[in-house]
Amino acid sequence: MSGSPLAGRVAALCLALVAASGLAACGGSDHHGGDHAGHGRAAPPMPPPPSSKESANGTDVYEHDRPGMLSPAVKDMPARVYVPDTKSDDVIVLDQNTFKQVDRFKVGRLPQHVVPSWDLTTLWVNDNDSNDLVPIDPRTGKHGKPVHVDDPYNLYFTPDGKYAVVMAERNERIDFRDAHTMKLVKSVKVPCRGPNHADFSASGDFFLTACEFSGDVLRIDTAGQRLTGMLSLTHHAMPQDVKLSPDGRTFYVADMATNGVWAIDARSFRKTGFIPTGKGAHGLYVSRDSKVLYVSNRGEGSVSLVAFGSGRVERTWRLPGGGSPDMGGVSADGRVLWLSGRYDGVVYAISTVDGRMIRKIRVGAGPHGLCVYPQPGRYSLGHTGVLR
């Protein structure tokens with residue numbers, strides 16, 4: 001995806017800095033007014049911010065994601081799966097217990113992901129082509145008025161709950177917005193193509209972003225809202241989802257072209273290994289006991305289980321008849337892995353006990369970043385449910 005001539009020169013300058021020093025410090029420009037939202041409720045109480053101790057050895061960043069550890073904000077919410085359909089521009093809602101469709105409603109153009117807000121009370125539908133976010137109340141199922149946000153391919157939240165971080169993929173930007181009003185605070189032009197998935201360090205002081213179309217991974221300083229590093233995976237890489245290991249030492253990056261997962265040291269920002277999983281490695285999900293990383297291999301219809309202890313694939317589940325497992329999440333009790341079948345018009349419900357297909361549910365023609373909700377955790381970092 002191409003930008004303006006000026007943007008191209010900015011990107012070229014950033015690339016030159018990276019080549020010269022191994023790091024880049026390309027900031028963005030501040031914007032005020034003009035681009036704002038009307039979703040202006042009061043900020044909720046914040047949990048204690050992550051401390052530097054949370055990156056120490058032995059810490060589990062997912063310790064609040066255990067089965068049954070539901071926040072008071074989500075207790076008694078109905079167990080649903082929210083499926084955005086990129087072909088029909090609507091959201092299909094499934095009941096997790098009966099596997100039946102309970103609702104379907106229109107949204108904007110090209111909905112990509114359904115994302116829990118930082119305070120867990122709202123789900124945001126990312127309408128990529130109509131440049132808006134549609135709020136859903138997960139307690140009632142009602143959806144509200146769209147909020148204008150430019151190019152929202154994907155959406156994250158800083159750990160302190162202050163900012164929404166929009167992956168403006170086609171515009172080659174990362175936009176920091178007020179997490180409650182969605183008013184634009186700062187745009188960071190990035191020196192790569194296709195920024196789309198991310199995850200935060202254990203202390204939340206920085207996050208890594210995958211750039212699908214140029215094969216790069218960026219390191220962004222959270223407080224400074226600036227680029228501090230750029231790492232090339234391989235010349236043909238197509239990085240996708242990003243996930244931090246439970247001990248906070250390693251970032252895992254799914255690579256759809258190299259058919260596996262890269263390991264990147266969180267401290268040194270260097271590649272430390274590659275784990276072959278399967279064709280079209282795409283989505284990454286942590287088991288509720290923090291022992292396993294589920295990797296959806298979209299190109300071959302399988303799910304690989306990478307053990308965090310050994311860093312190796314301990315087994316692979318192959319979907320009956322193949323398929324295209326893409327994005328999704330783990331049920332609150334940890335017993336079901338829900339994934340969209342991106343090119344098969346279905347949603348898969350897979351047992352995490354033995355890998356069997358519990359149910360294949362027919363939905364629209366283009367299911368993408370579905371959200372399993374509610375989930376355990378204190379607050380949301382975004383995507384389809386990265387909670388800590």
Side-chain angles (χ1 to χ4, degrees), residues 79-88 92-101 112-114 197 212 238-243 252-261 275-289 291-308 312-373 375 383-385:
R80 302 285 188 253
V81 178
Y82 300 83
V83 187
D85 191 296
T86 60
K87 299 294 185 181
S88 57
I92 299 103
V93 185
L94 306 175
D95 185 302
Q96 291 185 42
N97 298 311
T98 65
F99 304 101
K100 293 182 178 179
Q101 179 178 313
Q112 298 281 11
H113 301 92
V114 176
H197 296 93
E212 178 176 351
M238 292 185 71
Q240 306 294 313
D241 207 0
V242 183
K243 197 67 77 242
Y252 292 95
V253 181
D255 187 339
M256 193 163 60
T258 313
N259 304 321
V261 177
I275 307 167
T277 59
K279 186 176 180 181
H282 198 80
L284 303 177
Y285 309 96
V286 178
S287 62
R288 292 280 172 226
D289 60 7
K291 293 182 178 179
V292 170
L293 181 69
Y294 302 115
V295 184
S296 61
N297 302 310
R298 192 173 75 183
E300 68 175 38
S302 72
V303 176
S304 295
L305 281 67
V306 176
F308 285 115
R312 297 178 180 178
V313 175
E314 62 175 25
R315 59 186 179 275
T316 297
W317 299 328
R318 301 197 179 277
L319 306 187
S324 52
D326 195 274
M327 291 294 175
V330 181
S331 62
D333 63 9
R335 298 177 66 85
V336 182
L337 174 63
W338 292 84
L339 297 171
S340 59
R342 183 73 181 273
Y343 302 121
D344 293 88
V346 297
V347 166
Y348 309 109
I350 303 166
S351 168
T352 60
V353 177
D354 55 15
R356 68 184 175 87
M357 181 77 72
I358 300 172
R359 199 68 59 93
K360 185 189 294 186
I361 307 163
R362 178 63 58 180
V363 289
H368 191 199
L370 69 79
C371 179
V372 180
Y373 214 69
Q375 293 186 33
H383 191 37
T384 58

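Note: hydrogens, waters and symmetry copies are ignored here, and every other heavy atom, side chains too, is used.
- For the salt bridge (Lys or Arg N to Asp or Glu O under 4.0 Å) test, no residue two or more places apart in sequence or in another chain qualifies with Glu212.
- Formation of a donor-acceptor pair under 3.5 Å by the Asp344 side chain with backbone atoms of Ser324 is found in this model.
- Although no hydrogens or angles enter the test, the distance criterion places a donor-acceptor pair under 3.5 Å between the side chain of Ser296 and the main chain of Gly283.
- The shortest side-chain heavy-atom distance between Ile350 and Leu339 falls under the 4.5 Å cut-off.
- Residue pairs meeting the ring pair (Phe, Tyr, Trp, His ring centres under 6.0 Å) criterion with at least one member in residues 314-340, sequence neighbours excluded, are Phe99-Trp338, Tyr294-Trp317.
- Glu314 contributes atom CD, which lies 10.5 Å from atom OG of Ser304 (distance to the nearest 0.5 angstrom).
- Here the closest heavy-atom approach between residue Arg288 and residue Ser331 is recorded as NE-O, 3.0 Å.
- With Thr86 contributing its side chain and Gly366 its backbone, the two residues share a donor-acceptor pair below 3.5 Å.
- Residue Met238 comes nearest to Gln240 through the heavy atom pair O-NE2, 3.0 Å, listed as atom of the first residue, atom of the second, then distance.
- Donor-acceptor pairing under 3.5 Å is lacking for the side chains of Asn259 and Thr277.
- Looking at Tyr348 and Ile361, their side chains never come closer than 4.5 Å, going by heavy atoms from C-beta outward.
- Within the 4.5 Å cutoff, side-chain heavy atoms of Leu337 are placed close to those of Val303.
- The heavy-atom pair separating Gly341 from Pro367 by the smallest distance is O-CG, 3.4 Å.
- Contact annotation: the side chain of Arg312 never approaches that of Ile275 to less than 4.5 Å [non-hydrogen atoms, C-beta and beyond].
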key: From CA spacing to verdict: side-chain contact (heavy atoms from CB on, under 4.5 Å), Val292, Phe308   = CA-CA 6 Å; Val292 170; Phe308 285 115; 5.6 Å; no

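- Listed for the Ser340 side chain is a donor-acceptor partner under 3.5 Å among the backbone atoms of Met327.
- Side-chain contact between Leu94 and Lys100: absent, with no pair of heavy atoms (C-beta onward) separated by less than 4.5 Å.
- Closest heavy-atom contact between Pro325 and Ser302: CG-O, 3.7 Å.
- Applying the salt bridge (charged side-chain N to carboxylate O under 4.0 Å, His left out) definition to pairs two or more places apart or across chains, those involving residues 317-337 are Arg298-Asp326, Glu300-Arg318, Asp326-Arg342.
- With hydrogens and angles disregarded, no donor-acceptor distance shorter than 3.5 Å links the side chain of Asp255 to the backbone of Val261.
- For Lys87 (side chain) and Ala365 (main-chain N/O), no donor-acceptor pair under 3.5 Å exists by modelled atom type.
- Residues Gly329 and Leu370 share a closest heavy-atom pair of N-CD1, 4.3 Å.
- In this structure, Thr352 and Ser287 have side chains that are not in contact, with every pair of non-hydrogen atoms separated by 4.5 Å or more.
- Residue pairs meeting the salt bridge (charged side-chain N to carboxylate O under 4.0 Å, His left out) criterion with at least one partner in residues 346-370, sequence neighbours excluded, are Asp354-Arg356.
- Val372 is listed as a side-chain neighbour of Gln96, based on a closest heavy-atom distance under 4.5 Å.
- The salt bridge (Lys or Arg N to Asp or Glu O under 4.0 Å) check on Asp95 picks up Arg80, with sequence neighbours excluded.
- Taking the six-membered ring for Trp and thresholds of 30 and 60 degrees, His197 and His383 have ring planes more than 60 degrees apart, a perpendicular arrangement.
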message = Apply side-chain contact (heavy atoms from CB on, under 4.5 Å) to residues Leu305 and Thr316 and explain how you reach the verdict.
response = CA-CA 6 Å; Leu305 281 67; Thr316 297; over 6 Å; no

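- Residues His282 and Asp241 are not in side-chain contact: their nearest non-hydrogen atoms beyond the backbone lie 4.5 Å or more apart.
- Here the side chain of Thr384 pairs a donor or acceptor atom with the backbone of Gly328 at under 3.5 angstrom.
- Among residues at least two apart or in separate chains, there is no salt bridge (charged side-chain N to carboxylate O under 4.0 Å, His left out) pair with a member in residues 275-286.
- Rounding to the nearest 0.5 angstrom, the gap separating the OH atom in Tyr252 from the CG atom in Leu293 is 7.5 Å.
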